[in-house]
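Nothing here was measured: the structure is a model prediction, and the numbers come from that model. Reminder, nothing fancy here: chain letters follow the sequence lines and each chain counts from 1.
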Amino acid sequence: MYIFDSVKKEKREFIPLQEGKVSLYVCGPTVYDDAHLGHAKSALVFDLLTRVLSANALDVTYARNITDIDDKIIKKAIAQKKDIKDITDFYTDAFHKEMSAIGVSRPDIEPKATESLNAMFEMMQKLIDSGHAYTTKDGDVYFDTASDSEYLTLSKRVQDEDDRQERVESSSLKKNPADFAMWKSVKDGSLTYDSPFGAGRPGWHLECSAMIEKHLAKPDTAFAVDIHGGGADLLFPHHENEAAQTRCSSNHELANYWMHNGFVNIDGEKMSKSLGNSFFLKDALKEYDGEVLRFYLLSTHYRSNFNFNTEDLATAKKRLDKIYRLKKRLFGLAPNSDTTEFQTKLLEALSDDMNVSTALALIDEMLSNANETLDTAGKHKALKKETISNLAYIEKLLGFGVKNPFEYFQFGMDEETKSAIATLMEKRDTAKKEKNFEESDRLRDEILAFGVSLMDTPAGTFWEKV
RNA sequence: GGUGCCAUCGCCAAGUGGUAAGGCCGUAGCCUGCAAAGCUACUAUCCCCAGUUCAAAUCUGGGUGGCACCUCCA
């Protein structure tokens with residue numbers, strides 16, 4: 001298994017801290033709004049990673065946090081006159097449902113900020129005690145970046161006087177403009193959390209470091225976790241700050257391997273809330289099967305920037321369709337348990353820093369071979385079983401082709417339409433048997449008008465939604 | 001301004017020193033009552049310039065053009 005380490009900037013062979021085991025931590029969503037395609041991409045990438053690691057006989061412990069304490073949440077709660085928990089519960093639930101729709105499994109551990117406060121307090125106290133953090137007279141707690149000689153080594157930034165962090169966190173009580181808040185005291189009372197440092201709320205970076213320490217870190221290893229992942233934008237300042245907190249409060253560095261996934265852009269522009277061009281997952285799921293979105297978002301290498309457009313999405317669907325058509329041809333057969341050469345190669349491709357492109361090329365090749373064999377020598381039972389087993393392997397490893405193939409091709413069609421189509425198909429069948437092709441073609445046109453395509457096969461006639 | 005990434009067929013996209021995977025689209029053919037699906041065949045020398053090397057899309061230098069981060073952000 002090879003992983004591109006985005007801090008060392010090179011592909012490295014993956015060697016776990018503990019033999020046979022992997023700890024993976026990924027920065028999850030802040031639950032104050034609907035998930036967009038970018039959240040989906042990130043979740044998908046690390047979902048695939050866990051599958052590939054597992055297929056390499058590694059026992060993966062995967063944690064992804066839910067940030068349910070945040071200024072934006074508080075702001076929304078005030079604006080909508082709701083409880084914070086109502087908002088965070090709502091979006092957490094929506095997130096889970098949408099992730100499930102694109103085939104993303106739940107992580108093994110899903111810590112919430114609200115449930116990790118004690119771990120955060122502990123870490124803060126350690127940092128204060130060791131001189132890496134300080135309290136201001138306003139009651140804020142800041143991380144003292146000057147106290148960490150390794151600060152900025154992660155993102156390889158150069159500290160300059162024009163540091164932009166100053167612009168935003170302009171508290172004059174900070175020792176250094178680069179210092180970041182671990183605890184922000186709030187005086188108004190209502191929407192705060194109690195702590196040994198007074199009422200307030202934690203800084204965003206703190207929760208990840210604290211959760212990792214609490215849920216994943218082993219005391220005697222050089223790194224808290226094997227792999228830490230997240231979106232490319234998180235490298236600085238988020239991961240830099242996380243790394244500093246962990247480094248200064250424990251005896252290990254944060255992660256042995258860092259993985260950052262590329263961005264999803266729309267029409268060449270970054271999708272972001274401030275630009276107002278977010279494409280929400282829930283909207284995409286109304287129009288497309290979640291698995292199509294999964295296939296599309298995963299079809300480009302995870303580190304590349306991804307430019308979303310519906311034409312490419314349609315192309316991705318066509319490719320996924322081919323998997324399902326083969327599945328349809330072999331429907332009802334049970335797989336055998338042999339490991340085929342195809343499966344070995346597929347895993348090999350994905351084990352090379354998740355080279356999905358090569359994997360897809362292998363799949364297309366397998367699909368062609370199988371179809372060709374089925375066209376010419378349709379009776380070969382062993383070959384059919386082998387193909388089914390290959391398809392099952394693709395399902396397991398990539399999550400493609402997991403649905404019933406007939407239902408897959410009927411995505412979004414209501415029962416009324418389906419039965420109307422069925423009626424017309426019966427009539428067409430009768431006309432065909434009577435060799436009344438004029439009538440059968442007329443009926444076909446009528447069926448096609450429902451936005452489906454029709455295919456006559458030896459096993460009968462099937463329709464697919466276009 | 002600082003830092004970093006990228007530039008491969010009409011489109012999407014692998015390949016990171018040994019002579020360009022795959023998909024979509026297109027064309028031709030097989031199959032089909034006709035279609036659809038499936039199958040077969042055909043289509044690029046890798047942004048530009050210079051250099052290193054027996055050999056470069058792949059390394060180095062210089063251009064040009066995109067993009068990202070430096071502020072909450074997947």
Side-chain angles (χ1 to χ4, degrees), chain A residues 6 9 11 26-30 32-33 35-46 64 67 70-72 75 152 155-160 162-169 204 229-238 240 260-265 268-275 278 296 299-301 303-307 309 311-322 325-326 328-329 349 352 355-365 367-376 432 435-438 440-441 444-445 448 452-457 461-464 466:
Chain A
S6 47
K9 299 198 188 299
K11 201 188 274 184
V26 176
C27 293
T30 300
Y32 74 105
D33 204 353
H36 59 220
L37 260 18
H39 294 105
K41 170 91 183 177
S42 178
L44 244 13
V45 163
F46 293 103
R64 183 186 60 206
T67 300
D70 181 89
D71 279 350
K72 292 183 289 291
K75 215 170 142 187
L152 296 181
S155 57
K156 298 182 178 60
R157 252 160 235 286
V158 186
Q159 189 86 67
D160 63 38
D162 193 33
D163 197 297
R164 305 298 177 89
Q165 276 194 62
E166 182 178 23
R167 219 171 55 187
V168 176
E169 295 180 28
W204 174 43
D233 55 338
L234 263 25
L235 180 57
F236 186 86
H238 187 51
E240 184 75 61
H260 290 94
N261 65 276
F263 263 68
V264 177
N265 298 322
E269 268 204 322
K270 178 181 171 176
M271 173 173 54
S272 80
K273 276 151 196 169
S274 49
L275 287 174
S278 294
Y296 177 43
S299 64
T300 296
H301 190 85
R303 278 188 279 121
S304 309
N305 280 334
F306 188 96
N307 193 33
N309 68 70
E311 289 77 24
D312 294 343
L313 176 59
T315 299
K317 180 184 181 300
K318 285 180 186 172
R319 239 176 149 170
L320 216 212
D321 285 353
K322 294 203 295 184
R325 289 209 187 92
L326 181 60
K328 216 158 63 166
R329 281 186 93 165
D352 181 15
N355 192 332
V356 180
S357 260
T358 298
L360 290 180
L362 289 166
I363 289 173
D364 283 319
E365 192 190 358
L367 257 25
S368 281
N369 291 158
N371 276 317
E372 189 186 4
T373 311
L374 255 26
D375 282 351
T376 52
K432 270 180 67 183
K435 299 224 187 288
N436 185 353
F437 295 124
E438 204 177 308
S440 74
D441 287 351
R444 178 165 57 199
D445 286 343
L448 261 39
V452 302
S453 68
L454 219 52
M455 38 202 67
D456 297 326
T457 77
T461 302
F462 299 102
W463 62 268
E464 294 180 357
V466 180

Same-atom distance (C1') from U19(B) to A35(B), integer angstrom = 44 Å
Given atom NZ of K156(A) and atom C1' of C70(B), what is their separation to the nearest angstrom?
-> 16 Å
Between U40(B), C11(B), A74(B), which one does the side chain of E372(A) approach most closely?
-> U40(B)
Take the protein atom CG of N305(A) and the nucleotide atom C1' of A7(B), then report the distance between them rounded to whole Å.
-> 13 Å
Rounded distance in Å between the C1' positions of U27(B) and A21(B) | 22 Å
Pick the P atom in G23(B) and in A56(B), then give their distance to the nearest Å.
-> 29 Å
Tell whether R444(A) reaches the base of C34(B) with its side chain through a donor-acceptor pair below 3.5 angstrom.
-> yes
In Å and rounded to the nearest 0.5 Å, what is the CG to OH distance from L37(A) to Y296(A)?
-> 8.5 Å
So does T315(A) get a side-chain nitrogen or oxygen closer than 4.0 Å to the phosphate oxygens (OP1/OP2) of G23(B)?
-> no
Just by distance, do the side chain of E240(A) and the backbone of L152(A) share a donor-acceptor pair under 3.5 Å?
-> yes
For H301(A) and C12(B), give me the distance from atom NE2 to atom P, rounded to whole Å.
-> 18 Å
Using the P atom as the reference point in each nucleotide, state the distance between C34(B) and C48(B) in Å, no decimals.
-> 48 Å
Rounded to whole angstrom units, what separation is found between the CG atom of D364(A) and the P atom of G22(B)?
-> 10 Å
Candidate nucleotides C25(B), A37(B), G22(B), ranked by approach to the side chain of R319(A) - the nearest = G22(B)
F306(A) has an atom CZ; how far is it from atom P of C6(B), in whole Å?
-> 18 Å
Can a side chain N or O of K318(A) be found less than 4.0 Å away from OP1 or OP2 on C25(B)?
-> yes
How long is the line joining CG of L234(A) and P of C70(B), in whole Å?
-> 10 Å
Atom pair distance, as rounded to whole Å: NE2 in H260(A) and C1' in A68(B) = 13 Å
What are the two closest heavy atoms between A349(A) and T358(A), and how far apart are they?
-> CB-CG2, 3.8 Å
Distance check: side-chain N/O of S304(A) vs OP1/OP2 of A14(B), anything under 4.0 Å?
-> yes
Note: K432(A)-D456(A) ion pair, threshold 4.0 Å (strictly below) = yes
Separation of the C1' atoms in U8(B) and U45(B), to the nearest angstrom | 9 Å
Give a yes/no answer on whether the side chain of N355(A) brings an N or O atom under 4.0 Å of OP1 or OP2 in G15(B).
-> yes
State, to 0.1 Å, how close D312(A) and N307(A) come at their nearest heavy-atom pair, and which atoms those are.
-> OD2-O, 4.2 Å
U52(B) and C59(B): how far apart are their C1' atoms, nearest whole angstrom?
-> 8 Å
Is a donor-acceptor contact shorter than 3.5 angstrom present between the side chain of H36(A) and the base of A74(B)?
-> yes
Side chain of S42(A): nearest nucleotide among A74(B), A14(B), G22(B)?
-> A74(B)
Base, sugar-phosphate alone, or nothing: which one does D233(A) contact when heavy atoms must sit under 4.0 Å apart?
-> base
Given R329(A) and N371(A), is the side-chain hydrogen bond (donor to acceptor under 3.5 Å, both in side chains) satisfied, shown in steps?
-> CA-CA 9 Å; R329(A) 281 186 93 165; N371(A) 276 317; 2.9 Å; yes
Any side-chain N or O of K75(A) less than 4.0 Å from the OP1 or OP2 oxygen of C72(B)?
-> no
To the nearest angstrom, how far is Y296(A) atom OH from C24(B) atom C1'?
-> 12 Å
When rounded to the nearest Å, what value does the distance between P atoms of G17(B) and A36(B) take?
-> 44 Å
Report yes if a side-chain nitrogen or oxygen of R157(A) is closer than 4.0 Å to either non-bridging phosphate oxygen (OP1 or OP2) of C69(B); otherwise report no.
-> no
